[in-house]
Amino acid sequence: MDYLNNKFDIIVVGAGHAGCEAALSAAKLGCNVLLCTLNIDNIALQPCNPAIGGPAKSTLVREIDALGGVMGEVADATYLQMKTLNSSKGPAVRALRAQSDKKEYSRFMRNIIENTPNIWLKQCCITELKTKDKRIVGAIDEYGIEYSCNAIILTTGTSLEGKMFIGLQAYSGGRLGERAAIGLSQWLRDNGIKTKKLKTGTPARVDKRTIDYSKMTVQPGDDELSFYSFKPNRPIRPQYPCYLTRTNEETHAIIRSNLDKSPMYQGLIQGVGPRYCPSIEDKIVRFASNPSHHIFIEPEGLNTYEVYIQGFSTSLPACVQVEMLRSLPGLENAHIIKPAYAVEYDYVPALQTQHSLMSKDIKGLFFAGQINGTSGYEEAAAQGLIAGINSVNYLNNSEFLELSRSSSYIGTLIDDLVTKDIQEPYRMLTSRSEYRLLLRQDNADSRLTDIGRAVGLIDDTQYARFKEKQANIQTEIKRLQQTKVSATEEVNKVLEKYSEHIDTGIRLSELLKRPNINYNVFREIDEMSAKLNFSKDITDEVEILIKYDGYLQRQQQQVETAEKLEKYKIPENMNYAELKHISTETKELLQKVRPQNLAQASRIGGVKPADISVLMVMLKS
């Protein structure tokens, strides 16, 4: 009954995607958690694009699920459309994307939270943290109520000192219809933690009854569904289409003639925006030679007329937004329900954070999500899960969970944040991983389920199902390696539709290495393959493991080479200023980041290979 005295183990500040994963993981691991949010009706809200996944992000969602998080489960339960992107390309860049029912997603997540023991919800704004000897001991909210705890996870999203812009008008708020979090930023600065400004934005929402979809190109979902969660009994729901339209010269002319009304171009917004999700005015200026840009029309839910205009983010005045939208084919009569806006907010550069996501300066203080300088629901949820696990490890005085770059996109994401001086909202991309062929969305469970099990978030049922799947994959690979198909006229008739014919018998595993050969072909030429009732996720992984075997082996060798550098541990109290034969610039960078090993040091921007060689010699001696 400690809640009666406002005593908790952990306080999570913010109930977005990071906050939900943090609270749930900590509570499932036995801690009493107070989950504070500015608006209890906006738990796990998707304030921008109502979708989960996409390139690289889908791998994050699968990894979250493999470790015992819930984002994949919620996305599977509330999708409007499932679509695999880059399906014709290699497995490293294939990506599942779920168009979500925005309200249903939020309700489903809230239901999970409210039915999880040890979580206490509270609608309030935390304005001050309490410390003793540089350790967290509690927090104070806007009403002056004090709470005691031993760890705090800040997952404040865009709320910290948030300011919204629509044209040259500015409003205090973290997102439309929700106030800003005032006070906590100043406390952080007063206690030696630096904050900076970032900017993001979102497009207008339009009434679907005012859209002429006949002038647009339909974008259907997949016929054969894939899912995020590795758990069974995933729901089969009706698929709803999205649509594609394009900007034109009229759209561009309207935007160019109104740039003087843009807060970004008038210098009112100082924060840097996301490079990979620019505003429409930024696209028009930066890519002036491009006559047109894709605009996707996406539903926000089954029980609403609101439609999301993807690719049309802007901070221009509301009256200009009407002109811009009505210049698009199919949107000539569009009615705007909610205007687009930009939001500028405080974040904490993650160089001040350890790989565990705990502050380097204040023990028990963790950061996760956009406060670390990231963008995207998936990046936030991944950090929230790790911060939740590590806050429990901190309380238990246990070893932190710090995933390596070679194990996961989550490890890559966190390593990039805490070792690189990132100056813009960070988005996970497949190109950010040097091991992306090993770190695919299809094998997230084989990479991370054992870790999730060791942490304590994977139950017996899920773990047994995982072991059965892995056994089936190995059994099937062995069967394909041992089974030969004869060069009969019937077999060659099928093969010639996809590839070259065969002159002699060939093992199915060798045949599968051909570019256009897959399980659908096997079902036509091999009786056992036709009888097997394996799920698509099993056959897909078997096909990838056989077809790309040589490439996978080469990348594994790269991992082993990199792991040699990780064995060179750097003492925590290293005095870099005393090092000889290393430039002053490098010393300053090493002192700023304080890497834990030589591999991390080698990834710091500005640190030269020659400097790493000097460090290696010194550490050997």
Side-chain angles (χ1 to χ4, degrees), residues 58-59 62-63 65-66 72 84 87-96 222-234 436-450 452-453 458 461-488 490-492 494-495 497-500 502 504-556:
S58 63
T59 305
R62 290 267 179 90
E63 290 179 352
D65 192 81
T84 299
S87 56
S88 62
K89 297 182 179 179
V93 296
R94 291 173 199 161
L96 183 62
D222 291 340
D223 293 328
E224 189 175 5
L225 288 175
S226 298
F227 295 95
Y228 284 117
S229 180
F230 295 104
K231 296 171 184 171
N233 305 320
R234 296 162 294 191
R436 60 185 181 181
L437 187 56
L438 293 177
L439 309 181
R440 309 178 307 276
Q441 65 172 11
D442 64 274
N443 72 344
D445 57 339
S446 63
R447 291 185 280 114
L448 297 177
T449 302
D450 280 324
R453 174 71 168 176
I458 300 296
T461 302
Q462 186 172 346
Y463 193 65
R465 188 170 183 271
F466 160 72
K467 298 299 284 186
E468 181 184 7
K469 177 187 173 185
Q470 298 307 305
N472 285 335
I473 289 171
Q474 294 307 314
T475 299
E476 178 61 1
I477 289 174
K478 190 174 181 180
R479 183 186 76 83
L480 295 180
Q481 290 171 337
Q482 294 175 344
T483 303
K484 274 190 173 184
V485 62
S486 301
T488 64
E490 184 181 356
V491 166
N492 276 324
V494 172
L495 289 180
K497 292 188 290 184
Y498 308 98
S499 181
E500 297 178 358
I502 55 175
T504 59
I506 185 173
R507 288 186 176 86
L508 289 176
S509 58
E510 290 301 311
L511 193 58
L512 190 56
K513 292 182 179 180
R514 294 187 178 185
N516 296 321
I517 302 297
N518 55 34
Y519 261 84
N520 291 330
V521 179
F522 282 1
R523 292 183 181 107
E524 294 184 60
I525 63 174
D526 175 55
E527 185 177 348
M528 180 58 73
S529 297
K531 289 180 180 178
L532 288 172
N533 193 29
F534 285 139
S535 59
K536 186 176 183 296
D537 54 352
I538 289 179
T539 57
D540 282 353
E541 192 163 347
V542 167
E543 186 176 328
I544 290 167
L545 289 172
I546 291 177
K547 198 179 288 286
Y548 295 91
D549 179 54
Y551 298 101
L552 293 168
Q553 287 186 39
R554 257 180 283 177
Q555 198 149 96
Q556 188 58 48

Any heavy-atom pair between the side chains of L552 and Q555 that's under 4.5 Å?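 They are not in contact (no side-chain heavy atoms under 4.5 Å apart), so the answer is no.
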Smallest separation among heavy atoms of L437 and P91, with atom names: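 L437 and P91 have their closest heavy atoms at CD1-CG, 4.0 Å.
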Look at the side chain of R440 and the backbone N and O of T59, then say whether any donor-acceptor pair between them is shorter than 3.5 Å.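 No, R440 side chain to T59 backbone: no donor-acceptor pair under 3.5 Å.
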Considering non-hydrogen atoms only, spot the tightest contact between I506 and I502 and give its length.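 Answer, listing the atom of I506 first, then I502: CG2-CD1, 3.8 Å.
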Reported CG-to-CD1 distance for the pair L545 and I477, which is rounded to 0.5 angstrom: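 If we round to the nearest 0.5 Å, L545:CG and I477:CD1 are 4.5 Å apart.
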Presence of salt bridge, E468 and R465, under 4.0 angstrom: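 Salt bridge: no.
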Give, for atom OG of S87 and atom CD of E224, the distance between the pair rounded to the nearest 0.5 Å.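 With rounding to 0.5 Å, OG (S87) is 11.5 Å from CD (E224).
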Would you check if the side chain of R436 reaches a backbone N or O of A92 as a donor-acceptor pair within less than 3.5 Å?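 No, R436 side chain to A92 backbone: no donor-acceptor pair under 3.5 Å.
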Does the side-chain contact (heavy atoms from CB on, under 4.5 Å) test come out yes or no for F466 and R453, once each step is laid out? CA-CA 11 Å; F466 160 72; R453 174 71 168 176; over 6 Å; no
Assess whether atom CD of E500 is packed by more than 12 heavy atoms of other residues, nucleotides or ligands within 6.0 Å.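 Atom CD in E500 is not packed in, count stays at 12 or less.
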Do L511 and F522 make a side-chain contact, defined as non-hydrogen atoms from C-beta onward lying under 4.5 Å apart?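 Yes, close enough: below the 4.5 Å cut-off.
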Kindly compute the distance separating CG (N472) from NZ (K467), expressed to the nearest 0.5 Å.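 Between N472 CG and K467 NZ, I get 12.5 Å after rounding to 0.5 Å.
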Does anything in residues 538-548 form a side-chain hydrogen bond (donor to acceptor under 3.5 Å, both in side chains)? List the pairs, not counting sequence neighbours.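 Of all non-adjacent pairs touching residues 538-548, those that pass side-chain hydrogen bond (donor to acceptor under 3.5 Å, both in side chains) are K536-D540.
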Would you say that more than 12 heavy atoms from the other residues, nucleotides or ligands in this model lie under 6.0 Å from the OH of Y551, or not?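 Counting neighbours around OH of Y551, 12 or fewer heavy atoms of other residues, nucleotides or ligands fall under 6.0 Å, so no.
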Minimum side-chain heavy-atom gap Y519-I538 below 4.5 Å: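 In short, these two side chains do not touch, never coming nearer than 4.5 Å.
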For K531, does the NZ atom sit with more than 12 other heavy atoms under 6.0 Å from it, leaving out its own atoms?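 Atom NZ in K531 is not crowded, with 12 or fewer foreign heavy atoms closer than 6.0 Å.
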Quick one: do D526 and R479 make a salt bridge, cutoff under 4.0 Å?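 Here D526 pairs with R479 in a salt bridge, since their nearest N and O are under 4.0 Å apart.
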Got T449 and Q470 here, is their nearest side-chain heavy-atom distance under 4.5 Å?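 When only atoms from C-beta onward are counted, Q470 and T449 do not touch, as no gap falls below 4.5 Å.
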Give me the atom names and distance for the closest heavy-atom approach of Y498 to E524.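 Heavy-atom minimum between the residues: OH-OE2, 3.0 Å.
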Any side-chain donor-acceptor pair under 3.5 Å between R94 and S58?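 No, no side-chain donor-acceptor pair sits under 3.5 Å.
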So, Q553 versus D549: side-chain donor-acceptor pair below 3.5 Å or not?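 Yes, because at least one side-chain N or O of Q553 sits under 3.5 Å from a partner of the opposite role on D549.
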What's the separation between atom OG1 in T483 and atom CG in L508, rounded to the nearest 0.5 Å?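 Output value for this atom pair is 5.5 Å.
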Verify whether one side chain among S229 and D65 offers a donor that lies under 3.5 Å from an acceptor in the other.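 There is such a pair (donor and acceptor under 3.5 Å, judged by atom type) between the side chains of S229 and D65.
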Atom pair CG (L512) and CZ (R507), whose distance is rounded to the nearest 0.5 Å: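 Going from the CG atom of L512 to the CZ atom of R507 covers 14.5 Å.
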Nearest 0.5 angstrom please: S226 OG to R234 CZ, how far?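 Going from the OG atom of S226 to the CZ atom of R234 covers 8.5 Å.
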Side-chain touch I517/L495, heavy atoms, less than 4.5 angstrom: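 When only atoms from C-beta onward are counted, L495 and I517 do touch, with a gap below 4.5 Å.
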If only atom types and distance count, is the side chain of D537 paired as donor or acceptor with the main-chain N or O of D442 below 3.5 Å?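 No; judged by distance alone, with no hydrogens or angles, the pair does not exist.
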